[in-house]
Amino acid sequence: MRRKLIAGNWKMNASKVQCEALISALLQNIPHSGGADMAVCVPYPYLAQVESALRDATIRLGAQDVSEHDKGAYTGEVSGAMLADFSCKYVIVGHSERRSYYGDSDEVVALKFLAAKRAGLIPILCLGETLEERERGVTRDILKRQLDAVFDRVSIAEFAGAVVAYEPVWAIGTGKTATPEQAQDAHAFIRDQLRLKSATVAAETQILYGGSMKASNARELLVQPDIDGGLIGGASLIADDFIAIATAA
Ligand code: PEP
C-alpha cells in the first residue's frame with residue numbers, strides 16, 4: 001500500500017513573516033490521522049528558517065529546483081548537497097514553469113534528477129502536457145517522451161524511491177482541474193510505463209497529481225487508485241486549504 005504524499009510548492013511566494021505564520025499555522029493544525037505524509041517546497045532563501053521551524057515536526061522540507069552540477073563555477077545555482085545541508089528531503093525537478101520559462105529540456109531535467117539522487121534527495125519529477133497537446137490527442141506521447149528522457153540516463157534501480165507528479169500544464173494555476181478520470185488515466189499510463197521496467201518499482205512509486213488541486217476537489221482525485229497524493233501550488237499558501245487537502249488524503 002503506497003502512502004499518500006501532499007507536497008506544497010510555494011513557488012516564488014512568501015516572506016520571512018509569511019513563512020513563520022504559515023508554518024506555525026500548519027504545525028498547529030496538522031492532521032493526526034497519520035494517513036498522509038506532508039512536505040513544503042519553499043524558495044531557497046527561506047530554507048534555513050523553515051528547516052528550523054520544522055525541527056521535530058513530521059512535515060518535510062523540499063526545494064523547487066536543483067542544479068545538475070555538484071559544485072563549481074555556476075553562479076546563481078544551488079546544488080543538491082546544499083539542499084541536503086538544510087535537511088531537504090525532496091526537490092522538484094522538471095516543473096512546467098522551469099521547462100517553459102527557463103528552458104529546462106528533457107535532458108537537463110534528467111541531469112537534475114540524477115543530481116538530486118547523488119545528494120540523497122528524493123526528486124519529485126514533474127511530467128505533463130500542454131492544452132494544445134491534449135487537444136491534439138498526444139498526451140501519452142508527451143508523458144512517454146518526458147519519462148523516456150529520464151530513463152535514457154537513469155537506470156530503474158536509480159529511479160526507485162523517486163516521486164512522479166503528473167501536472168497537466170493547462171491545469172497549473174488556472175483553476176481548471178483535470179477530471180478524476182483524466183487524471184487517473186494519465187497516472188495509470190505513467191505506472192504502466194514504469195511497469196515495463198520493473199513491476200516492483202511501478203507498484204511502489206508515488207505518483208502525485210498537480211494542477212489546481214484544492215480542498216473542494218481533493219477527495220475525488222485522491223480516491224483514484226493510481227493517485228498517491230498531490231503537488232499543490234496556490235492552495236499550499238493558505239494553511240487551512242493545505243490542511244484540508246492533507247486531511248482528505
Ligand atoms: C504547481 O505549482 O505545481 C501547481 C500544481 O500549482 P497549482 O496548484 O496552483 O495549480
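Worth knowing before you read on, the calculation uses all heavy atoms, side chains too, and leaves out hydrogens, waters and symmetry mates. Remember, it's 1-based here, ligands and their atoms both numbered in the order they're listed.
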| Sorted by chain and number, the residues that approach ligand 1 to under 4.0 Å with a heavy atom | N9, K11, H95, E167, A171, I172, G173, G210, G211, S212, L231, I232, G233, G234
| task | Please name all residues satisfying side-chain hydrogen bond (donor to acceptor under 3.5 Å, both in side chains) with K11, sequence neighbours left out, ordered by chain then number. | result | E97
| task | Could you pull out all residues at least two apart from S67 that satisfy side-chain contact (heavy atoms from CB on, under 4.5 Å)? | result | H69, E77
| side-chain hydrogen bond (donor to acceptor under 3.5 Å, both in side chains) with S79: which residues, sequence neighbours excluded? | none
| request: Please state whether the rings of F159 and F113 are parallel, tilted or perpendicular, taking 30° and 60° as the class boundaries. | output: parallel
| field | Cationic N near anionic O, under 4.0 Å, K16 to E20 | value | no
| request: Identify whether NZ of Lys or CZ of Arg in K197 sits under 6.0 Å from the centre of the six-membered ring of F151 and within 45° of that ring's axis. | output: yes
